[in-house]
Amino acid sequence: MFRHRAVKAGAAFTAVSATILTVFSLSTFTPTASAATTTLNPVADTYVQDSTPSTNYGTSSQFTVDNSPVRHSFLKFTVSGLTDAVSSAKLRIRVTSSGNSSNGGTWKSMTDTTWSETGVTWNNKPIIGGATVASLGSVANDQWVEIDVTSVVTGNGTFSFGGTSTSSNGAYYDSRESGADAPQLVINTGTAPSPTPTPTSSTPPPSGDPVLVGAGDIANCGTAGDEATANLLDGITGTVMAIGDTAYPDGTSSDYTNCYQPSWGRHKARTRPATGNHEYHTSGASGYFNYFGASAGDPTKGYYSFDLGNWHVVSLNSNCSIVSCSAGSAQEQWLRNDLAASTKPCTVAYWHHPRYTSGSSHGPNTSVKPLYQALYDNNAEAIVTGHNHNYERFAPMDANGALDTTRGIRQFVAGMGGTGLGGFGTIQPNSEVRNSSTWGVLKLTLHPNSYDWQFVPQAGKTFTDSGTNSCH
């Protein structure tokens, strides 16, 4: 099972300016005297291409995995001088500035270590036939991806790794010829350091008022972001909202077992989820509903509500082509009846697809407007969404996008739960705060007649956002 359980001693990579997909900055370690870290660059790396079968790309500044044309990549490391047992080994590769992809490739160990960087071509390529060490999901520009290869690198020797892809959306990585961004093999030997959770600056409110905390776009076996945000949840009491696209890439049972369970899964008992579009890559979102069980509501609906203190909380299904969101639909009518029956003075809702967003990947969603309108008609306070992989806070608005400081609903995009982060396009009216470089969670402290919001960033990052609004 591939997860990012990186063990780093010291601050060997703090000079790297790109976003780094590891968890060494997310934990505090107490190394022992016998622990040591060795960082190696490859002695060879290259790729081959089926449409140019006799061409060698050994001097290229990048290597790539792709299926149109078919491209395979190879890396080779020579390890020597180790005197203690290997406690962990991590292969680190950096996505180029424009090499992002929805599929970072399948990476395997190789028994053939005799291939030559300047001699290998498609016609004479070595076989990539060893154990799979990673099946990467989405990878983003300028991000470091880390792969656990402890099972392969067990001591001194020469080790090869090969990458392939079944996607026509190729992923591109910096090769050793790129210099500072060259691949790395990071080996820890001796007694492994023991991680302890990083304390969060977010402490439980002294009032004891309930807390609703979470994010969307969470667990991806190809990144360490979900482990970063799960570490934050370790230090925050309350109910966890998992706001869709909870387990990449397809919300299958194995995605939940391999990617979600090792991180956010430890908070499953206090999680009330909402379904995203990736959950429906599996028929009927069955992986999602089977994993979360009754906490996710009726599998034929995917919407439900509950109360926290003085607040009514609604989780909705914004996959409107599957479960209709239109005016008069079963979901919209249920929502109006549910809100009318609530005796709580304050209301917050969450679902996956944002009514308003400035994200570059997905535009504002008009299909959810009837749900927004129903909440507006019933004086709701806040809506939390995901889908775009960033954070954005809007001023209070009505369902048509008009600023309304009297009855408007404040909408948040909180898609920074752990998968690869995404940027912004056209900035929408009434967008007040945006960030696209920090994983984190959104914490709502629900007072009897008001709420506080706080963006809690991953360890080592400084961006935050906070404020207070009264209930209508």
Side-chain angles (χ1 to χ4, degrees), residues 1-16 18-29 31 35-43 45 63 73-82 84-95 104-110 130-137 139 142-163 171 173-176 180-195 220-228 231 258-259 262-263 418 420 458-460:
M1 180 172 67
F2 170 58
R3 297 298 301 163
H4 293 284
R5 304 278 187 238
V7 177
K8 304 287 187 184
F13 305 111
T14 54
V16 178
T19 302
I20 302 179
L21 297 185
T22 63
V23 290
F24 70 90
S25 64
L26 310 177
S27 301
T28 301
F29 298 110
T37 300
T38 301
T39 301
L40 303 170
N41 293 125
V43 295
D45 59 13
F63 55 93
S73 284
F74 308 92
L75 297 93
K76 185 193 301 185
F77 294 85
T78 297
V79 180
S80 61
L82 301 182
D84 293 320
V86 173
S87 57
S88 70
K90 311 293 178 181
L91 171 63
R92 303 176 73 245
I93 52 178
R94 183 181 184 273
V95 184
T106 297
W107 295 87
K108 297 183 177 183
S109 62
M110 296 170 53
T132 298
V133 292
S135 295
L136 301 179
V139 294
D142 293 322
Q143 291 181 326
W144 284 89
V145 178
E146 186 169 278
I147 300 172
D148 190 337
V149 294
T150 308
S151 61
V152 178
V153 181
T154 57
N156 295 319
T158 300
F159 303 92
S160 288
F161 301 93
Y173 300 93
D174 290 310
S175 73
R176 72 190 190 112
D181 297 326
Q184 299 170 339
L185 181 63
V186 182
I187 304 170
N188 284 303
T189 56
T191 303
S194 300
N220 186 330
C221 280
T223 76
D226 55 308
E227 298 190 7
N231 286 346
N258 297 333
C259 305
S263 55
Q458 67 184 96

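Sequential numbering from 1 along the given sequence is applied to the chain's residues. Note that the coordinates shown come from a computational prediction; the quantities given were computed from them, not determined experimentally.
At distances below 3.5 Å, not a single donor-acceptor pair connects side-chain atoms of D84 with backbone N or O atoms of T189. A donor-acceptor pair is defined here as one N or O able to donate and one able to accept, closer than 3.5 Å; such a pair exists between the side chain of T223 and the backbone of G418. In this structure a side-chain-to-backbone donor-acceptor pair under 3.5 Å is present from S109 to A131.
The two atoms that bring T150 and A89 nearest to each other are OG1-N, 3.0 Å, heavy atoms only. For L82 against N156, the heavy-atom pair with the smallest separation is N-OD1, 3.0 Å. Taking both residues in full, the closest heavy atoms of L136 and W107 are given as CD1-NE1, 3.7 Å, listed atom of the first, atom of the second, then distance. Across every non-hydrogen atom of V149 and L91, the tightest pair is CG2-N, 3.8 Å. R176 and D45 make their closest contact through N-OD2, 2.7 Å (heavy atoms, listed as atom of the first residue, atom of the second, distance). Of all non-hydrogen atoms in V95 and D174, the two that sit nearest each other are O-OD2, 3.9 Å.
Between N188 and S87, the side chains place no donor N or O within less than 3.5 Å of an acceptor N or O (distance only, hydrogens not considered).
One distance of note links CG of L185 with CZ of F161; it measures 6.0 Å at 0.5 Å rounding. Here D226 contributes atom CG and C221 contributes atom SG; the two are 7.5 Å apart, rounded to the nearest 0.5 Å. Taken from CD in E146 to CD1 in I93, the straight-line distance is 10.5 Å, to the nearest 0.5 Å. Interatomic distance, N41 CG to S175 OG, rounded to the nearest 0.5 Å: 11.0 Å.
A salt bridge is defined here as a Lys NZ or Arg NE, NH1 or NH2 lying under 4.0 Å from an Asp or Glu carboxylate O, and K90 with D148 meets this definition.
Under the 4.5 Å side-chain criterion, counting only non-hydrogen atoms from C-beta, S160 is in contact with K76. Within the 4.5 Å cutoff, the side chain of D142 has heavy atoms near those of the R94 side chain. In this structure, the side chains of V79 and V86 stay at 4.5 Å or more apart for every pair of heavy atoms.
Aromatic ring pairs are classed by plane angle as parallel below 30°, tilted from 30° to 60° and perpendicular above 60°; the pair Y173 and F63 is parallel.
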